[in-house]
Amino acid sequence: MIGGLFIYNHKGEVLISRVYRDDIGRHAVDAFRVNVIHARQQVRSPVTNIARTSFFHVKRSNIWLAAVTKQNVNAAMVFEFLYKMCDVMAAYFGKISEENIKNNFVLIYELLDEILDFGYPQNSETGALKTFITQQGIKGQTKEEQSQITSQVTGQIGWRREGIKYRRNELFLDVLESVNLLMSPQGQVLSAHVSGRVVMKSYLSGMPECKFGMNDKIVIDKAGKGGVTDDVAKSTTGKQSIAIDDCTFNQCVRLSKFDSERSISFIPPDGEYELMRYRTTKDIILPFRVIPLVREVGRTKLEVKVVIKSNFKPSLLAQKIEVRIPTPLNTSGVQVICMKGKAKYKASENAIVWKIKRMAGMKESQISAEIELLPTNDKKKWARPPISMNFEVPFAPSGLKVRYLKVFESKLNYSDHDVIKWVRYIGRSGIYETRC
Amino acid sequence: MEWANQLCENRQFGSKMTDSKYFTTTKKGEIFELKAELNSDKKEKKKEAVKKVIASMTVGKDVSALFPDVVNCMQTDNLELKKLVYLYLMNYAKSQPDMAIMAVNTFVKDCEDPNPLIRALAVRTMGCIRVDKITEYLCEPLRKCLKDEDPYVRKTAAVCVAKLHDINAQLVEDQGFLDTLKDLISDSNPMVVANAVAALSEIAESHPNSNLLDLNPQSINKLLTALNECTEWGQIFILDCLANYAPRDDRESQSICERVTPRLSHANSAVVLSAVKVLMKFMEMLPKDLDYYGTLLKKLAPPLVTLLSAEPELQYVALRNINLIVQKRPEILKHEMKVFFVKYNDPIYVKLEKLDIMIRLASQANIAQVLAELKEYATEVDVDFVRKAVRAIGRCAIKVEQSAERCVSTLLDLIQTKVNYVVQEAIVVIKDIFRKYPNKYESVIATLCENLDSLDEPEARAAMIWIVGEYAERIDNADELLESFLEGFHDESTQVQLQLLTAIVKLFLKKPTETQELVQQVLSLATQDSDNPDLRDRGYIYWRLLSTDPVAAKEVVLAEKPLISEETDLIEPTLLEELICHIGTLASVYHKPPSAFVEGSRGVMHKRLPARTGSGESTESPDVGTIAGGSGTETAPSIIPSQGDLLGDLLNLDLAPPTTTGPPPPTSGMQMGGMDLLGGGLDSLLGGDIGGSAAMGAGFGAVPAVMPASLNAPMGGGLGDLFDLGGGVGMPLGAYIPPKTVWLPAMKAKGLEISGTFARRAGVIQMELTLTNKAMSVMTDFAIQFNRNSFGLAPAGPLQVLSPLSPNQTIEVSLPLSTVGPVMKMEPLNNLQVAVKNNIDVFYFSCQYPISMLFVEDGKMERQVFLATWKDIPNENESQFQIKDCHLNSDAASNKLQASNIFTIAKRTVEGQDMLYMSIKLSNGIWVLAELRVQTGNPNYTDLEISVKCRAPEVSQCVFQCCEAVLKN
């Protein structure tokens with residue numbers, strides 16, 4: 001198991017050091033600093049073995065978190081724990097920075113004591129932790145409160161406390177997708193996938209039981225076979241259902257139920273959380289198409305022309321569009337002409353950045369640039385990194401639609417109809433690249 | 001108090017007045033100041049002082065001098081202060097054990113506190129104070145806490161047992177805590193169950209023999225129930241524990257799999273990987289024709305792909321594991337090539353791993369896409385990545401024959417870029433392509449030769465020299481080229497020197513007239529001016545060979561080389577199996593068994609995949625495996641060196657130096673034929689008498705020391721290839737020949753008695769017959785015929801009985817046999833029906849021949865091929881046997897077997913167990929692979945275990961009988 005956990009600043013100074021096992025000595029702190037933080041080279045592996053001691057590290061801005069062990073630990077678990085540790089810290093004091101860590105070092109030690117016992121991760125849900133790790137002391141609590149805390153921390157529903165009350169029961173559901181594409185210069189899709197997340201903010205009283213439904217192909221097909229017509233699925237334009245390659249769920253979702261019935265039921269945590277993640281690869285709506293044309297004119301000049309076409313309903317608007325066209329390292333000057341938006345050559349980033357605020361569907365726009373090059377005697381050809389794109393569109397490129405989200409709370413007297421629900425779809429570009 | 005609240009408030013609003021002030025370095029006399037503050041009456045001042053102490057401790061200052069003062073602050077109602085003091089105690093108690101006793105009372109008191117959080121805090125902290133004296137006082141409170149009414153206290157106490165065990169194992173056992181801990185597995189609270197499982201698993205690791213966890217269907221059921229209810233971490237503990245269980249049969253294994261599969265949709269990657277581990281392991285037991293087996297295979301792919309959208313560090317862990325899974329079960333991900341395409345922004349460690357998997361998944365179906373990708377990668381910035389991409393192109397050429405031409409032209413394009421490291425890498429792989437497809441792409445040699453001067457890496461130079469030597473007859477100025485290398489001979493690395501030596505000898509054999517001077521020069525450089533023994537030895541061998549028998553030299557040096565295998569850097573089958581059992585853990589990231597990087601007794605237990613039910617029953621239960629004596633001297637099993645395993649280097653572990661594969665593949669194992677080259681000294685050892693194999697076995701006990709012990713030595717193709725060439729030349733005597741038995745009693749054959757046996761001498765199978773005439777009349781006109789049989793044995797000539805056989809006369813005849821006769825499968829397989837005719841009548845009898853006489857002399861498989869083949873043969877074809885009471889060590893066994901053409905390819909020692917990997921080729925071209933395990937650590941354990949794998953599993957039984965006969969005689 002995890003033998004120790006260290007947090008360093010960018011210089012390699014120790015901010016937090018907590019050792020759980022005897023086999024980890026003080027020298028381990030220095031070994032990591034010397035061999036990894038101070039190493040000249042780029043980090044070649046997130047797992048480093050120094051003198052039979054293994055170091056796992058992650059970096060958040062310029063803070064290093066390192067878990068140390070001498071045993072054959074579950075490596076995936078260690079990284080998951082480090083991420084969780086970051087989430088917990090962020091939930092308590094915001095951004096993970098040197099200043100925040102120093103300001104909260106007592107709190108961090110207290111957290112580390114609670115969520116990692118002898119190197120074994122324990123309940124690390126912030127919802128539960130915040131009930132008893134408050135930096136205020138727990139003197140004032142009554143006996144009932146105490147046992148409620150402990151049963152929540154160890155209980156089956158460790159992510160939600162009892163007795164939550166809201167005047168207005170409200171639910172916000174965001175379908176956030178990032179669409180990834182790698183396209184060949186000829187316009188052939190080399191790989192494309194959507195990785196999506198369903199993020200919920202729930203402000204519900206009591207211990208509500210929720211059921212979430214979407215246009216999952218397997219469910220719709222099953223329903224269709226059973227003779228049940230689904231109005232929602234039919235009324236949605238375009239695709240009726242989508243094939244989900246794989247999905248993962250927040251720990252509140254009953255996985256065995258999903259496995260057997262493919263229904264998503266859960267008791268939600270309070271506040272904001274990620275309900276599920278999913279991935280699709282079939283029938284993805286690619287919101288933009290990039291058509292590059294690069295021509296080398298002699299040894300000192302490049303002509304670049306890039307056309308982008310929007311490919312969705314004309315009534316919808318894409319926002320925050322940015323096209324990044326890489327330029328060679330020996331670029332001496334660039335002239336750009338674009339029909340829409342603003343384009344600028346950024347020497348420090350070796351790229352032409354073309355920004356368009358808004359663009360409706362089924363439109364196209366074009367940029368052309370002349371790039372002057374300095375003559376070099378570098379034999380190696382310019383690698384031509386791909387043209388990348390960023391954007392945001394108000395629909396889900398995977399075609400996912402929320403069919404329902406039902407709330408049942410039998411003990412309190414509010415019904416599914418009383419809950420105010422908001423649904424929003426946002427499609428963003430992930431790694432959206434076209435080779436040129 | 002108000003001030004304190006304000007402090008907290010301030011912190012929350014991010015005000016300037018903050019705790020970071022404690023980190024500011026302070027002046028001298030600090031300790032005294034702190035001492036005063038710690039003893040202050042004001043609570044707040046105390047608390048501030050303790051915070052300062054902790055801050056100093058964090059940055060590495062020694063504040064142990066304040067021990068008594070800090071401990072004095074322990075008696076307080078303020079929980080925050082209490083926790084701080086505890087933190088201090090955990091750090092310094094060990095250095096001040098006597099003082100630490102002072103704290104005991106408070107702990108004991110706190111364990112009785114009405115607040116469960118305080119009780120748990122006390123028991124948790126107490127376990128972390130690693131002072132022997134304290135542990136005695138810990139027992140009573142711990143006992144109470146293990147039975148506490150509050151689950152929070154119980155789950156903390158469960159971990160505390162593991163802590164205490166780490167300090168004083170005996171105490172834990174004596175106090176009966178282990179039983180209490182076992183009871184907690186049935187606790188009503190899932191988190192208590194999970195922590196109890198974690199604690200027990202850890203304790204069990206240091207007691208490999210104990211049956212602590214006592215997993216049985218009932219307890220497994222409890223764990224599976226808890227699995228649905230506990231935290232993500234608890235699920236990991238439980239799944240990791242489940243993976244150690246050995247289900248009784250395939251039904252149980254299927255029902256566990258069914259209950260574990262829902263975990264594949266968990267958001268936590270570690271839960272997913274641990275579930276994958278359980279499934280991969282238990283799947284072994286499912287019959288392949290089962291519908292569920294196919295379903296399970298399909299279910300595994302999506303979650304593995306999803307892991308690749310996790311954070312990069314987790315992607316790395318996932319990719320290292322996928323690399324193992326792809327080797328074990330390629331079918332799972334064979335359609336998922338695209339997801340392993342490298343993204344421009346991937347961290348380098350992710351890129352390199354993806355590339356590895358791309359090569360493994362490359363097939364004819366997707367090769368076009370893969371090549372297009374690889375070509376892109378070859379223009380990237382990172383040198384290691386580019387090199388690996390170039391190598392990958394070469395691997396594709398070798399793996400997918402249809403793509404070879406395109407690969408070669410891609411490589412030529414890359415050479416044209418003149419980027420130094422790209423050119424060098426390309427040349428190294430082109431050499432392999434030449435090996436795989438001889439006489440096909442030699443037209444590119446001219447282009448390669450243009451780049452001769454730019455090569456500065458030994459591997460590339462060696463590859464180029466090999467090419468020049470190998471194709472000397474087609475390169476007009478080969479002698480000039482090689483001569484140019486010779487100038488700086490002593491500055492070259494060994495690899496290049498050895499290669500240069502061989503290349504020049506090749507050149508000499510091809511163009512003797514023009515290059516005599518050159519060869520003399522290189523021989524004298526190698527033998528007289530070098531202090532490298534390998535180089536010198538090789539030089540002498542060539543010298544002697546050339547001076548005594550140039551024809552033989554030609555046969556040896558210019559011999560046809562075995563083809564190279566398609567797959568490289570495959571992990572050895574046994575290691576792979578072990579690593580599959582460690583999916584998700586560090587071992588799977590390092591691709592090394594835990595014993596290679598974990599100190600002490602922990603984790604050295606070897607895990608093995610369960611055997612498929614119905615196949616040869618393995619006698620040992622899969623999860624117990626064999627346990628080492630725990631000494632630190634055991635040699636870590638080396639991963640078979642890989643060609644392009646850059647990452648191995650990156651991890652910077654104490655891996656064996658990667659073998660630099662010089663053109664002739666390094667072979668290990670001993671080939672006796674080759675020994676002659678070293679001067680016939682050993683011949684006498686081999687002994688001339690045929691039946692004397694027992695004596696020989698003894699004689700060989702001492703031999704390994706004499707042998708140039710290149711068994712596992714990572715010497716790039718040094719002497720290995722020379723010995724290899726000797727295979728089959730001088731077949732040693734002493735192959736096992738069973739004693740003659742009576743096949744046809746005189747009663748049944750009108751006075752003719754036939755007894756006989758079979759032998760293989762110098763590659764010829766012989767039937768040795770003794771004919772005795774027990775009748776009263778003379779016998780003449782003998783003839784023999786065989787019925788059709790399994791291996792097509794037939795007499796190669798007539799039965800030579802020249803003179804008539806008079807009454808009471810006995811005659812020895814030996815009949816050469818061929819294996820080209822008609823074939824029919826017999827039962828048993830090695831049954832042979834014979835008809836013998838003489839002047840009196842025709843007689844029929846049947847006999848059984850030892851299958852070993854069908855083992856041909858060129859049955860030594862190349863290591864890489866062996867690995868690939870072993871992997872290729874489905875697991876159900878594997879049969880396990882035991883040879884009882886065999887007092888042989890592995891070397892003696894290997895020698896004995898070798899005499900019967902059972903060749904040892906590699907040997908590995910793992911914790912008192914020698915593993916010999918052997919190959920056999922039957923006369924009809926069937927390959928049989930075997931793994932022989934010899935216990936060396938334990939003299940009382942004299943049973944050998946042998947696993948036989950063959951595409952035709954019917955022969956396994958015969959092969960085993962043969963091995964047994966050979967080893968026991």
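These numbers come from the heavy atoms of this one structure, side chains and all, not from hydrogens, waters or symmetry mates. Numbered from 1 within each chain, the chains take letters A, B, ... in sequence-line order. No experiment lies behind these values; they were computed from the predicted model shown.
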message: Are B:Y349 and B:Y316, when compared by the centres of their aromatic rings, separated by less than 6.0 Å?
response: yes
- prompt: With a 4.5 angstrom heavy-atom cut-off, which part of B:N268 approaches chain A: side chain, backbone, both or neither?
  reply: both
message: Just so I understand: if I count every heavy-atom pair under 4.5 Å between each of B:V159, B:V317, B:N91 and chain A, which residue has the most?
response: B:V159
- prompt: What part of B:Y86 gets closer than 4.5 Å to chain A, counting heavy atoms only: side chain, backbone, both or neither?
  reply: neither
- request: Heavy atoms only, distances under 4.5 angstrom: which of B:K343, B:K338, B:E311 has the most pairs with chain A? Name it, please.
  value: B:E311
- prompt: Is the shortest distance from a Lys or Arg side-chain nitrogen in B:R154 or B:D148 to a carboxylate oxygen in the other one below 4.0 Å?
  reply: no
message: Counting only non-hydrogen atoms closer than 4.5 Å, does B:N195 touch chain A with its backbone (N, CA, C, O), its side chain (CB onward), both, or neither?
response: side chain
statement: Applying a strict 4.5 Å limit to non-hydrogen atoms, the region of B:R263 in contact with chain A is both
Chain A contact via B:V305 - which portion, at a heavy-atom distance below 4.5 Å: both
query: B:L121 versus chain A, heavy atoms under 4.5 Å apart: side chain, backbone, both or neither?
result: side chain
query: Do the rings of A:Y109 and A:F105 sit parallel, tilted or perpendicular, given the 30° and 60° boundaries?
result: perpendicular
message: Please classify the contact between B:Q235 and chain A as side chain, backbone, both or neither, with a heavy-atom cut-off of under 4.5 Å.
response: neither
message: Counting only non-hydrogen atoms closer than 4.5 Å, does B:L314 touch chain A with its backbone (N, CA, C, O), its side chain (CB onward), both, or neither?
response: both
field: B:R124-B:T156 side chain donor-acceptor pair, cut-off 3.5 Å
entry: no
- prompt: Contact part of B:M57 toward chain A, heavy-atom cut-off under 4.5 Å: side chain, backbone, both or neither?
  reply: backbone
query: Which bit of B:A372 is near chain A, if near means a heavy-atom gap under 4.5 Å: side chain, backbone, both or neither?
result: neither
message: Check A:E110 with A:R18, please: is the shortest side-chain N to carboxylate O separation under 4.0 Å?
response: no
message: Using a 4.5 angstrom heavy-atom cutoff, name the option from B:L273, B:N189, B:T231 with the most pairs to chain A.
response: B:N189
- prompt: Would you call A:D113 and B:K83 a salt bridge, taking side-chain N to carboxylate O under 4.0 Å as the test?
  reply: no
Interface moiety of B:A162 toward chain A, non-hydrogen atoms closer than 4.5 Å: both
field: Part of B:K299 lying under 4.5 Å from any heavy atom of chain A
entry: side chain
field: Shortest non-hydrogen contact between B:A199 and B:A158, atoms and distance
entry: CB-O, 3.5 Å
query: Are B:K155 and A:D117 ion-paired here, with the side-chain N under 4.0 Å from a carboxylate O?
result: no
Chain A contact via B:D382 - which portion, at a heavy-atom distance below 4.5 Å: side chain
